[in-house]
Amino acid sequence: MQSKLSHIKHWVFDLDHTLYSPKIRLFDQIEVLMNTYLKKTLNVTQEKAVYLRKYYWEEYGTTLAGLMAEQHVDPKYYLEFVHNINLDNLEENSDLAAHINSLPGDKIIFTNGSRMHAVNVSKALGLYECFSEFYGTEDAMLIPKPQKKAFDTIFELSKINPKQAIMFEDDPRNLVEPFKMGMKTALIGDFLQTEYIHFNAPDLNTFFANELNG
Ligand SMILES: [Mg+2]
């Protein structure tokens with residue numbers, strides 16, 4: 001392994017749009033369910049539901065965090081409702097499984113979705129066995145990335161030393177705090193050159209092919 005990653009002992013992966021491509025459009029199903037939930041629970045129109053979902057995401061990091069801050073909702077019911085999706089479009093990614101299995105140390109998932117969603121999606125991708133721990137937003141007391149408290153909570157639970165860790169994410173907002181904590185950061189998907197992003201790659205297989213064999 002190249003020296004810039006040789007100190008890494010903890011490999012932290014976001015789930016949606018990091019472990020699989022947004023082109024699979026799995027998240028569209030979740031967004032439809034979020035809209036349905038908002039319409040039913042808050043008794044609003046489709047247009048207002050779409051607006052609120054975006055507003056909550058921008059203002060609070062996730063729709064749930066916005067709902068918790070501004071409305072009284074049952075987070076457990078919400079998380080089950082919006083993650084009740086069809087995973088048939090996900091295919092096993094054996095190349096990625098081999099890359100992750102070759103990494104030394106702990107490999108964990110930390111998602112703003114639910115823990116069960118992380119388990120279900122990683123199983124569908126053939127990656128379930130690659131990870132030792134799966135953390136959902138319920139494990140971070142429903143405080144989402146990008147808030148520092150979310151990272152602090154999960155890293156304490158999983159006994160991660162940020163200085164020996166790397167975070168993989170498709171949302172650049174969620175790499176700011178990890179960078180400040182001394183982690184290496186990798187943005188998967190979009191290209192963005194900025195101080196808090198150490199690595200850019202279009203997908204994880206490209207990242208590992210470049211960085212592990214370089
Ligand atoms: Mg993501």
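Atoms within a ligand are numbered from 1 in the order they appear, just like the ligands themselves.
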Between N35 and R53, do the side chains contain a donor N or O and an acceptor N or O under 3.5 Å apart?
yes

Hydrophobic clusters here meaning ILVMFWY residues chained together by side-chain heavy-atom distances under 4.5 Å, can you tell me if M34 and I85 are in one?
yes

Decide whether N93 and N205 meet the rule of one side-chain donor and one side-chain acceptor closer than 3.5 Å.
yes

Ignoring hydrogens and angles, state whether a donor on the side chain of Y196 or E177 is under 3.5 Å from an acceptor on the partner side chain.
no

Please name the pair of heavy atoms, one in Y60 and one in A69, separated by the smallest distance, quoted to 0.1 Å.
CE2-CB, 3.4 Å

Report for the Mg ion (ligand 1), protein N, O or S closer than 2.8 Å, by chain and number, lists D14 OD2, D16 O, D170 OD1

With sequence neighbours left out, the residues meeting ring pair (Phe, Tyr, Trp, His ring centres under 6.0 Å) with Y135 are none

